[in-house]
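Every value quoted in this text rests on a predicted model; they were computed, and no experiment measured them. Values below: every heavy atom of this structure, side chains too, minus hydrogens, waters and symmetry copies.
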Protein chains: 2
Amino acid sequence: MDLETITVNQKVISAKKLKKMFGHLDLRDADLICPIRDVMATVSDKWSTLIIMYLGYYPVLRFNELKKKVYGISNKVLSERLKQLEGDGYLKRTMYPEVPIRVEYELTDFGHSYLQRLIELTEWAQKYKECVLSNRANSQRK
Amino acid sequence: MDLETITVNQKVISAKKLKKMFGHLDLRDADLICPIRDVMATVSDKWSTLIIMYLGYYPVLRFNELKKKVYGISNKVLSERLKQLEGDGYLKRTMYPEVPIRVEYELTDFGHSYLQRLIELTEWAQKYKECVLSNRANSQRK
DNA sequence: CAGTATCCCGACAGATACTG
DNA sequence: CAGTATCTGTCGGGATACTG
(Lines give C-alpha, C1' and ligand atoms only; values in the text may rest on other atoms or scores of the structure.)
Protein backbone atom coordinates (compact mmCIF):
# COMPACT_ATOMS: atom_id res chain seq x y z
CA MET A 1 0.00 0.00 0.00
CA ASP A 2 1.56 3.18 -1.25
CA LEU A 3 0.99 5.71 1.48
CA GLU A 4 2.55 9.06 1.86
CA THR A 5 4.68 8.88 4.97
CA ILE A 6 3.12 10.47 8.00
CA THR A 7 5.71 11.46 10.54
CA VAL A 8 5.16 11.87 14.24
CA ASN A 9 5.85 15.52 13.69
CA GLN A 10 3.03 15.86 11.21
CA LYS A 11 0.64 14.29 13.67
CA VAL A 12 1.66 16.84 16.26
CA ILE A 13 1.17 19.62 13.75
CA SER A 14 -2.33 18.38 12.97
CA ALA A 15 -3.21 18.30 16.64
CA LYS A 16 -1.88 21.83 17.11
CA LYS A 17 -3.87 23.12 14.19
CA LEU A 18 -7.01 21.55 15.59
CA LYS A 19 -6.26 23.11 18.93
CA LYS A 20 -5.70 26.48 17.33
CA MET A 21 -8.92 26.23 15.34
CA PHE A 22 -11.20 25.11 18.11
CA GLY A 23 -9.40 25.97 21.31
CA HIS A 24 -9.86 23.07 23.60
CA LEU A 25 -12.00 20.55 21.86
CA ASP A 26 -13.49 19.48 25.16
CA LEU A 27 -16.56 21.54 24.49
CA ARG A 28 -19.94 20.13 25.29
CA ASP A 29 -21.67 21.76 22.41
CA ALA A 30 -20.41 21.68 18.88
CA ASP A 31 -21.48 25.28 18.27
CA LEU A 32 -17.92 26.37 17.76
CA ILE A 33 -17.60 23.82 15.03
CA CYS A 34 -21.08 24.16 13.61
CA PRO A 35 -20.61 27.36 11.60
CA ILE A 36 -18.05 25.48 9.62
CA ARG A 37 -20.42 22.58 9.32
CA ASP A 38 -23.06 24.97 8.06
CA VAL A 39 -20.70 26.27 5.44
CA MET A 40 -19.72 22.81 4.36
CA ALA A 41 -23.27 21.48 4.39
CA THR A 42 -24.31 23.42 1.31
CA VAL A 43 -21.24 22.66 -0.59
CA SER A 44 -20.22 19.12 0.29
CA ASP A 45 -23.48 17.63 -0.87
CA LYS A 46 -22.99 15.15 -3.67
CA TRP A 47 -24.99 17.10 -6.22
CA SER A 48 -23.52 20.48 -5.31
CA THR A 49 -20.07 19.04 -5.76
CA LEU A 50 -20.88 17.93 -9.27
CA ILE A 51 -22.52 21.23 -10.15
CA ILE A 52 -19.47 23.16 -9.02
CA MET A 53 -17.13 20.88 -10.90
CA TYR A 54 -19.09 21.15 -14.12
CA LEU A 55 -19.15 24.91 -13.80
CA GLY A 56 -15.41 24.80 -13.26
CA TYR A 57 -15.06 22.87 -16.46
CA TYR A 58 -17.59 24.74 -18.59
CA PRO A 59 -17.46 28.42 -17.66
CA VAL A 60 -21.13 29.06 -18.32
CA LEU A 61 -24.08 26.68 -18.36
CA ARG A 62 -27.81 27.06 -18.63
CA PHE A 63 -30.33 25.23 -16.47
CA ASN A 64 -31.09 22.46 -18.89
CA GLU A 65 -27.46 22.10 -19.89
CA LEU A 66 -26.58 21.54 -16.28
CA LYS A 67 -29.40 19.08 -15.98
CA LYS A 68 -27.92 17.02 -18.80
CA LYS A 69 -24.36 17.22 -17.49
CA VAL A 70 -25.25 16.44 -13.90
CA TYR A 71 -26.73 13.19 -14.98
CA GLY A 72 -29.59 11.86 -12.88
CA ILE A 73 -30.45 15.03 -10.98
CA SER A 74 -34.11 16.02 -10.84
CA ASN A 75 -35.54 19.44 -11.60
CA LYS A 76 -36.42 19.94 -8.00
CA VAL A 77 -33.02 19.16 -6.57
CA LEU A 78 -31.11 21.05 -9.25
CA SER A 79 -33.26 24.08 -8.65
CA GLU A 80 -32.78 23.85 -4.87
CA ARG A 81 -29.03 23.41 -5.07
CA LEU A 82 -28.61 26.27 -7.50
CA LYS A 83 -30.52 28.56 -5.18
CA GLN A 84 -28.45 27.57 -2.19
CA LEU A 85 -25.17 27.89 -4.05
CA GLU A 86 -26.20 31.27 -5.40
CA GLY A 87 -27.36 32.37 -1.96
CA ASP A 88 -24.06 31.41 -0.37
CA GLY A 89 -22.14 33.25 -3.06
CA TYR A 90 -20.60 30.38 -4.98
CA LEU A 91 -22.28 31.15 -8.25
CA LYS A 92 -23.91 33.90 -10.21
CA ARG A 93 -27.23 33.62 -11.96
CA THR A 94 -27.91 35.80 -14.97
CA MET A 95 -31.33 35.99 -16.52
CA TYR A 96 -31.90 37.19 -20.06
CA PRO A 97 -35.56 38.11 -20.50
CA GLU A 98 -35.77 36.85 -24.03
CA VAL A 99 -38.42 34.55 -25.37
CA PRO A 100 -37.91 31.81 -24.54
CA ILE A 101 -36.20 32.89 -21.36
CA ARG A 102 -32.47 32.20 -20.97
CA VAL A 103 -30.69 31.80 -17.64
CA GLU A 104 -26.97 31.31 -17.24
CA TYR A 105 -24.99 30.08 -14.29
CA GLU A 106 -21.29 30.57 -13.64
CA LEU A 107 -18.91 30.34 -10.70
CA THR A 108 -17.99 33.47 -8.80
CA ASP A 109 -14.41 33.98 -7.69
CA PHE A 110 -15.46 32.61 -4.35
CA GLY A 111 -16.83 29.55 -6.11
CA HIS A 112 -13.51 29.13 -7.84
CA SER A 113 -11.75 29.40 -4.52
CA TYR A 114 -13.83 26.53 -3.21
CA LEU A 115 -13.35 24.60 -6.43
CA GLN A 116 -9.61 24.62 -5.81
CA ARG A 117 -10.10 22.99 -2.40
CA LEU A 118 -12.49 20.52 -3.96
CA ILE A 119 -9.97 19.58 -6.60
CA GLU A 120 -7.28 19.03 -3.98
CA LEU A 121 -9.60 16.74 -2.11
CA THR A 122 -10.59 14.88 -5.23
CA GLU A 123 -6.97 14.40 -6.17
CA TRP A 124 -6.37 12.90 -2.76
CA ALA A 125 -9.40 10.65 -3.09
CA GLN A 126 -8.39 9.50 -6.53
CA LYS A 127 -4.87 8.75 -5.36
CA TYR A 128 -6.11 6.51 -2.56
CA LYS A 129 -9.34 5.10 -3.84
CA GLU A 130 -7.86 1.69 -4.65
CA CYS A 131 -6.42 1.61 -1.18
CA VAL A 132 -9.79 2.35 0.41
CA LEU A 133 -11.74 0.01 -1.80
CA SER A 134 -9.38 -2.90 -1.16
CA ASN A 135 -9.43 -2.22 2.56
CA ARG A 136 -13.19 -2.21 2.40
CA ALA A 137 -13.34 -5.45 0.42
CA ASN A 138 -10.98 -7.18 2.84
CA SER A 139 -12.86 -6.07 5.90
CA GLN A 140 -16.16 -7.28 4.46
CA ARG A 141 -14.83 -10.75 3.79
CA LYS A 142 -14.27 -11.29 7.48
CA MET B 1 -15.32 40.96 1.25
CA ASP B 2 -11.80 39.74 1.73
CA LEU B 3 -11.30 37.18 -0.98
CA GLU B 4 -8.12 35.63 -2.14
CA THR B 5 -7.62 36.83 -5.68
CA ILE B 6 -8.53 34.30 -8.31
CA THR B 7 -6.75 34.96 -11.57
CA VAL B 8 -7.91 33.91 -14.98
CA ASN B 9 -4.90 31.65 -15.05
CA GLN B 10 -6.00 29.81 -11.93
CA LYS B 11 -9.39 29.19 -13.45
CA VAL B 12 -7.73 27.68 -16.48
CA ILE B 13 -5.57 25.50 -14.25
CA SER B 14 -8.65 24.25 -12.41
CA ALA B 15 -10.35 23.38 -15.66
CA LYS B 16 -7.26 21.53 -16.85
CA LYS B 17 -7.01 19.55 -13.65
CA LEU B 18 -10.65 18.57 -13.96
CA LYS B 19 -10.04 17.53 -17.53
CA LYS B 20 -7.01 15.51 -16.51
CA MET B 21 -8.92 13.82 -13.70
CA PHE B 22 -12.02 12.91 -15.59
CA GLY B 23 -11.10 13.12 -19.22
CA HIS B 24 -13.90 14.80 -20.98
CA LEU B 25 -16.59 15.51 -18.47
CA ASP B 26 -19.20 15.01 -21.14
CA LEU B 27 -19.87 11.51 -19.91
CA ARG B 28 -23.40 10.36 -19.63
CA ASP B 29 -22.82 8.29 -16.55
CA ALA B 30 -20.99 9.54 -13.50
CA ASP B 31 -19.31 6.17 -12.99
CA LEU B 32 -15.91 7.66 -13.52
CA ILE B 33 -16.58 10.06 -10.71
CA CYS B 34 -18.44 7.67 -8.46
CA PRO B 35 -15.51 5.73 -7.00
CA ILE B 36 -14.32 9.00 -5.59
CA ARG B 37 -17.78 9.71 -4.33
CA ASP B 38 -17.76 6.31 -2.65
CA VAL B 39 -14.51 7.14 -0.94
CA MET B 40 -15.76 10.51 0.18
CA ALA B 41 -19.15 9.21 1.28
CA THR B 42 -17.76 7.39 4.31
CA VAL B 43 -15.56 10.17 5.35
CA SER B 44 -17.40 13.39 4.59
CA ASP B 45 -20.36 12.52 6.76
CA LYS B 46 -20.83 15.03 9.56
CA TRP B 47 -20.28 12.52 12.35
CA SER B 48 -17.30 10.84 10.71
CA THR B 49 -15.65 14.20 10.33
CA LEU B 50 -15.98 14.89 14.02
CA ILE B 51 -14.76 11.43 14.98
CA ILE B 52 -11.64 11.82 12.86
CA MET B 53 -10.96 15.27 14.23
CA TYR B 54 -11.29 14.15 17.82
CA LEU B 55 -8.96 11.24 17.15
CA GLY B 56 -6.53 13.69 15.60
CA TYR B 57 -6.66 15.72 18.77
CA TYR B 58 -6.66 12.91 21.31
CA PRO B 59 -4.43 10.13 20.01
CA VAL B 60 -6.45 7.34 21.60
CA LEU B 61 -10.06 7.22 22.69
CA ARG B 62 -12.39 4.55 23.97
CA PHE B 63 -15.96 4.05 22.78
CA ASN B 64 -17.64 5.93 25.59
CA GLU B 65 -15.02 8.66 25.57
CA LEU B 66 -15.77 9.26 21.91
CA LYS B 67 -19.44 9.24 22.67
CA LYS B 68 -18.96 12.08 25.16
CA LYS B 69 -16.68 14.08 22.89
CA VAL B 70 -18.81 13.69 19.80
CA TYR B 71 -21.68 15.29 21.56
CA GLY B 72 -25.14 14.19 20.49
CA ILE B 73 -24.21 11.04 18.62
CA SER B 74 -26.18 7.90 19.41
CA ASN B 75 -24.72 4.49 20.21
CA LYS B 76 -26.02 3.14 16.98
CA VAL B 77 -24.55 5.77 14.72
CA LEU B 78 -21.23 5.91 16.54
CA SER B 79 -20.92 2.16 16.25
CA GLU B 80 -21.79 2.21 12.56
CA ARG B 81 -19.37 5.01 11.72
CA LEU B 82 -16.54 3.42 13.63
CA LYS B 83 -17.02 0.18 11.72
CA GLN B 84 -17.05 1.95 8.38
CA LEU B 85 -14.01 4.04 9.21
CA GLU B 86 -12.15 0.98 10.44
CA GLY B 87 -13.22 -0.98 7.37
CA ASP B 88 -11.96 1.71 5.03
CA GLY B 89 -8.65 1.85 6.86
CA TYR B 90 -8.89 5.22 8.56
CA LEU B 91 -8.68 3.91 12.07
CA LYS B 92 -7.50 1.00 14.12
CA ARG B 93 -9.55 -0.74 16.76
CA THR B 94 -7.79 -2.50 19.60
CA MET B 95 -9.65 -4.68 22.03
CA TYR B 96 -8.30 -5.57 25.46
CA PRO B 97 -10.17 -8.60 26.80
CA GLU B 98 -10.18 -7.39 30.36
CA VAL B 99 -13.21 -7.22 32.59
CA PRO B 100 -14.84 -4.91 31.95
CA ILE B 101 -13.80 -4.96 28.33
CA ARG B 102 -11.72 -2.09 26.99
CA VAL B 103 -11.63 -0.99 23.35
CA GLU B 104 -9.43 1.74 21.98
CA TYR B 105 -9.63 3.63 18.71
CA GLU B 106 -6.87 5.58 17.01
CA LEU B 107 -6.14 6.97 13.56
CA THR B 108 -3.99 4.99 11.17
CA ASP B 109 -1.42 6.80 9.06
CA PHE B 110 -3.98 6.79 6.31
CA GLY B 111 -6.45 8.40 8.67
CA HIS B 112 -3.87 11.07 9.45
CA SER B 113 -3.37 11.62 5.76
CA TYR B 114 -7.07 12.33 5.39
CA LEU B 115 -7.09 14.42 8.53
CA GLN B 116 -4.59 16.76 6.90
CA ARG B 117 -6.93 17.31 3.96
CA LEU B 118 -9.80 17.79 6.35
CA ILE B 119 -7.88 20.42 8.28
CA GLU B 120 -7.04 22.28 5.09
CA LEU B 121 -10.69 22.31 4.18
CA THR B 122 -11.72 23.42 7.63
CA GLU B 123 -9.19 26.23 7.58
CA TRP B 124 -10.69 27.37 4.30
CA ALA B 125 -14.21 27.16 5.71
CA GLN B 126 -13.28 29.04 8.82
CA LYS B 127 -11.58 31.75 6.80
CA TYR B 128 -14.69 32.36 4.73
CA LYS B 129 -17.55 31.47 6.98
CA GLU B 130 -18.48 35.11 7.71
CA CYS B 131 -18.48 35.73 4.02
CA VAL B 132 -20.82 32.81 3.36
CA LEU B 133 -23.11 33.55 6.25
CA SER B 134 -23.51 37.19 5.30
CA ASN B 135 -24.14 36.25 1.69
CA ARG B 136 -26.76 33.85 2.90
CA ALA B 137 -28.41 36.37 5.17
CA ASN B 138 -28.52 38.97 2.39
CA SER B 139 -30.00 36.58 -0.11
CA GLN B 140 -32.72 35.52 2.30
CA ARG B 141 -33.82 39.07 2.96
CA LYS B 142 -34.79 39.51 -0.64
C1' DC C 1 -36.93 27.39 -21.38
C1' DA C 2 -36.61 27.45 -16.58
C1' DG C 3 -38.37 26.40 -13.33
C1' DT C 4 -42.92 25.14 -9.43
C1' DA C 5 -46.15 22.12 -7.25
C1' DT C 6 -47.34 17.68 -5.55
C1' DC C 7 -47.23 13.25 -4.09
C1' DC C 8 -44.94 9.33 -2.57
C1' DC C 9 -41.55 6.44 -0.75
C1' DG C 10 -37.47 4.56 1.53
C1' DA C 11 -33.33 5.23 3.96
C1' DC C 12 -31.61 6.65 7.87
C1' DA C 13 -31.29 8.95 12.41
C1' DG C 14 -32.82 9.11 17.27
C1' DA C 15 -34.46 6.94 21.41
C1' DT C 16 -34.78 3.21 24.26
C1' DA C 17 -34.05 -1.24 26.08
C1' DC C 18 -31.23 -5.00 26.34
C1' DT C 19 -26.65 -8.27 26.52
C1' DG C 20 -21.90 -10.75 26.57
C1' DC D 1 -17.89 -1.33 29.10
C1' DA D 2 -18.94 -1.67 24.48
C1' DG D 3 -21.75 -2.42 22.00
C1' DT D 4 -26.70 -4.88 19.60
C1' DA D 5 -31.68 -4.96 18.68
C1' DT D 6 -35.76 -2.87 17.62
C1' DC D 7 -39.09 0.49 16.65
C1' DT D 8 -40.53 4.68 15.07
C1' DG D 9 -40.72 9.09 12.70
C1' DT D 10 -39.01 12.42 9.43
C1' DC D 11 -36.86 14.36 5.99
C1' DG D 12 -35.20 14.64 1.71
C1' DG D 13 -35.07 12.71 -2.91
C1' DG D 14 -37.31 10.89 -7.25
C1' DA D 15 -41.04 11.06 -10.52
C1' DT D 16 -44.48 13.39 -12.70
C1' DA D 17 -47.37 17.02 -14.13
C1' DC D 18 -47.96 21.67 -14.68
C1' DT D 19 -46.93 27.13 -15.69
C1' DG D 20 -45.16 32.08 -16.81
Using only heavy-atom distances, decide whether a donor-acceptor pair under 3.5 angstrom links the side-chain of A:Asn75 to the base of C:dT4. yes
For a quick check, tell me whether the side chain of A:Lys76 and the base of D:dG14 share a donor-acceptor pair closer than 3.5 Å. yes
Whole Å only: how far is the [atom1] atom of [X] from the [atom2] atom of [N]?
| X | N | atom1 | atom2 | answer |
| --- | --- | --- | --- | --- |
| A:Leu82 | C:dA2 | CG | C1' | 11 Å |
| A:Asp45 | D:dC11 | CG | C1' | 14 Å |
| B:Leu78 | C:dA15 | CG | C1' | 15 Å |
| B:Leu66 | D:dG3 | CG | P | 10 Å |
| B:Trp47 | C:dC12 | CH2 | P | 16 Å |
| A:Glu80 | C:dT6 | CD | C1' | 13 Å |

Salt-bridge criterion met for B:Glu120 and B:Arg117 (N-O under 4.0 Å): yes
Charged N to carboxylate O below 4.0 Å: is that the case for B:Lys68 and B:Glu65? no
Could you tell me the Watson-Crick or G-U partner of D:dG20, where both distances fall under 3.5 Å? Say none if there is no partner. C:dC1
With both distances under 3.5 angstrom, what nucleotide forms a Watson-Crick or G-U wobble pair with C:dA15? D:dT6
So, is [X] close to the [N] phosphate, meaning a side-chain N or O under 4.0 Å from OP1 or OP2?
| X | N | value |
| --- | --- | --- |
| A:Arg93 | C:dG3 | yes |
| B:Arg81 | C:dA13 | yes |
| B:Arg62 | D:dA2 | yes |
| B:Ser79 | D:dA2 | no |

Pick the nucleotide of DNA chain D nearest each of A:Lys46 and B:Glu104; which residue has the one closer to the 5' end? B:Glu104
Heavy-atom check, side chain of B:Arg81 versus side chain of B:Ser48, under 4.5 Å: yes
Could you check if a side-chain atom of A:Gln116 sits within less than 4.5 angstrom of a side-chain atom of B:Ile6, using non-hydrogen atoms only? yes
Any base atoms under 4.0 Å from A:Tyr105, or only sugar-phosphate, or nothing? Heavy atoms, all strands. sugar-phosphate
